[in-house]
2 protein chains.
Amino acid sequence: MELEAAKLKYIQTWGSLATSWGINKTMAQVHALLLVAVEPLSADAIMETLKISRGNVNMNVRALIDWGIVKKEFVPGERKEFFVADKDIWELFKQVTKERKRREIEPVLKVLDELQNDVTATTEEAQQFKALMKDLSSVTNTVNGILEKAIKADEHWLLSSFTKMIKK
Amino acid sequence: MELEAAKLKYIQTWGSLATSWGINKTMAQVHALLLVAVEPLSADAIMETLKISRGNVNMNVRALIDWGIVKKEFVPGERKEFFVADKDIWELFKQVTKERKRREIEPVLKVLDELQNDVTATTEEAQQFKALMKDLSSVTNTVNGILEKAIKADEHWLLSSFTKMIKK
DNA sequence: CTAAACTTTCAATAAATTTTGAAAGTTTAG
DNA sequence: CTAAACTTTCAAAATTTATTGAAAGTTTAG
């Protein structure tokens, strides 16, 4: 397979994975493009390759920067801004995990705990509801804890001691 | 807070969490409703509570059954079908994880491996691309392995030995 | 069998999300 | 300062995704 074709296929595949996990397809594609790029890309280059508008590029690059997975890069002698994606995939995973935890999981945990505390009734049904909230909260907390550990861990920990544990 | 209000708030919260993780909001709400319900619910009861159409209820309940997290329940003396959600939240987590792994992660891993193998060029750039695919594949595989272990583990493993490990 | 009770389907419609592109804003070279 | 180069904004348009509801299909009671 041609390298360029392979790059495009990767960009497409990554875009559709992202879609099924609630991430904007274009955002994932811009990121994928920056990942496979050898040098920093300008907004124009991204527009041209992905056939999307300038506004769209701007918004999605902005979002990627906000997620902490893309950086602006200054290219000597150029006025334009250039963008690069961190090539360390483990860092990428950690960063995305960290942000999703913070943006989505933690707020939900807060609500679950509030619901548990705010229901004052002591009927059988209320007890059941509170027990359910507690269970949801417990599993969510557990998952959150695993992710917490993962984002603090270095790759070595994940790939070695964890692998051993998995095979156990 | 009133129990009914708390239930509604939970249904809403869960629905919006689902949305940000690429799961249909109504599907999550139907599931949440079944979770907080004390007895099995009919399609009519779901329609009425969530103010959605019969077709919508049918499709989403169907999807939940397909995900393995809701079951039909036969109620003696009734012609209608009734539905229940498994109340074991850890089972729910395992089931959802298993399905998403199978439906979304594994197909992507397959593509990443293909891309790595199908690129035959040996230029510097091709090497870099293949290394990137390898890294992506490696991290994805690692995550997949953790999930694999999690769905095979019992809750005890997760809450005890894992907790210990996390605190290490 | 027949009709009522219930479930499923799916084309049309509605809602939500994403994208565009032109105008406004900002920065920098000269 | 001024104009060109570049970036940002955001209302309107396009696209994607979800929902409706009526018709078709299925099951069961009698």
Side-chain angles (χ1 to χ4, degrees), chain A residues 11-34 40-67 70-84 100 103-104, chain B residues 11-34 40-67 70-84 100 103-104:
Chain A
I11 290 168
Q12 292 304 320
T13 303
W14 213 240
S16 53
L17 178 67
T19 300
S20 62
W21 286 81
I23 290 163
N24 176 302
K25 188 181 84 184
T26 304
M27 184 171 151
Q29 290 186 336
V30 171
H31 182 256
L33 175 61
L34 291 173
L41 300 182
S42 66
D44 291 274
I46 298 169
M47 282 171 69
E48 199 170 316
T49 313
L50 300 181
K51 309 268 186 286
I52 60 179
S53 73
R54 185 175 300 282
N56 201 3
V57 169
N58 185 274
M59 285 188 149
N60 282 296
V61 166
R62 195 140 277 288
L64 288 166
I65 291 173
D66 192 41
W67 273 75
V70 159
K71 301 267 176 295
K72 284 187 185 178
E73 193 156 298
F74 178 73
V75 173
E78 286 275 9
R79 265 238 348 236
K80 292 181 197 176
E81 294 179 329
F82 287 76
F83 307 99
V84 286
R100 297 205 82 164
R103 297 176 195 211
E104 297 150 11
Chain B
I11 291 168
Q12 293 303 321
T13 304
W14 213 241
S16 55
L17 177 67
T19 301
S20 64
W21 287 80
I23 290 164
N24 174 303
K25 188 182 81 184
T26 303
M27 184 171 154
Q29 290 187 334
V30 171
H31 182 257
L33 175 61
L34 291 172
L41 299 181
S42 66
D44 290 275
I46 298 170
M47 282 171 70
E48 200 170 315
T49 312
L50 299 181
K51 310 269 188 285
I52 60 179
S53 73
R54 186 175 299 286
N56 201 3
V57 169
N58 186 274
M59 284 187 150
N60 282 295
V61 165
R62 194 140 278 288
L64 288 166
I65 292 174
D66 193 41
W67 275 74
V70 160
K71 300 269 177 293
K72 285 186 186 180
E73 192 157 297
F74 178 71
V75 173
E78 285 275 11
R79 254 199 55 202
K80 291 182 194 173
E81 294 179 330
F82 287 76
F83 306 99
V84 285
R100 297 204 81 163
R103 296 176 195 212
E104 297 150 11

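Note that the structure is predicted; figures quoted are calculated from it, not measured. Every heavy atom of this structure was used, including side-chain atoms; hydrogens, water molecules and symmetry mates were not.
A heavy-atom distance below 4.5 Å is not found between the side chains of B:V57 and B:V30. Side chains of A:K80 and A:F82 form a contact here, defined as non-hydrogen atoms less than 4.5 Å apart. Between B:K71 and B:F83, every side-chain heavy-atom pair lies at or beyond the 4.5 Å cut-off.
Smallest separation of non-hydrogen atoms from B:E73 and B:P40: OE2-CG, 3.3 Å. Nearest heavy atoms, B:A43 versus B:R54: CB-NH1, 4.4 Å. B:T49 approaches B:A45 most closely through the heavy-atom pair OG1-O, 2.8 Å. Considering all non-hydrogen atoms of both residues, A:R100 and A:G22 come closest at NH2-O, 4.4 Å. Nearest heavy-atom pair, B:R103 versus B:D66, reported as atom, atom and distance to 0.1 Å: NH2-O, 3.5 Å.
Across D:dA4, D:dT7, C:dT7, the shortest atom-to-atom separation from the side chain of B:A43 is found for C:dT7. Side-chain proximity of A:R79 to D:dT7, D:dT27, D:dC6: nearest is D:dC6.
Around atom CD of B:E48, no more than 12 heavy atoms belonging to other residues, nucleotides or ligands sit under 6.0 Å away.
In this structure, CZ of B:F74 is placed 11 Å from C1' of D:dT28, rounded to the nearest angstrom. Separating the CD atom of B:E81 from the P atom of D:dT27 is a distance of 10 Å, rounded to the nearest angstrom. If you measure from atom CG of B:D44 to atom P of C:dT8, you get 13 Å, rounded to the nearest angstrom. When rounded to the nearest whole Å, the span between CD of A:E78 and C1' of C:dT28 equals 14 Å. One atom, NZ of B:K72, and another, C1' of C:dC6, lie 11 Å apart when rounded to the nearest Å.
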* **Stepwise side chain to side chain contact (heavy atoms under 4.5 Å, CB included) check, A:W67 with A:H31** => CA-CA 11 Å; A:W67 273 75; A:H31 182 256; over 6 Å; no
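Stem analysis of DNA chain D (at least three stacked-register Watson-Crick or G-U pairs, each with both distances under 3.5 Å) gives C:1-30 with D:1-30.
Using a 4.0 Å cutoff on non-hydrogen atoms, the parts of residues 47-67 of chain B near DNA chain C are B:R54, B:G55, B:N58, B:M59, B:R62, ordered by number. Using a 4.0 Å cut-off on heavy atoms, the residues of residues 22-32 of chain A that approach DNA chain C are A:N24, A:T26, listed by number.
Within the 3.5 Å criterion, the main-chain N or O of B:L17 finds a donor-acceptor partner in the side chain of B:S20.
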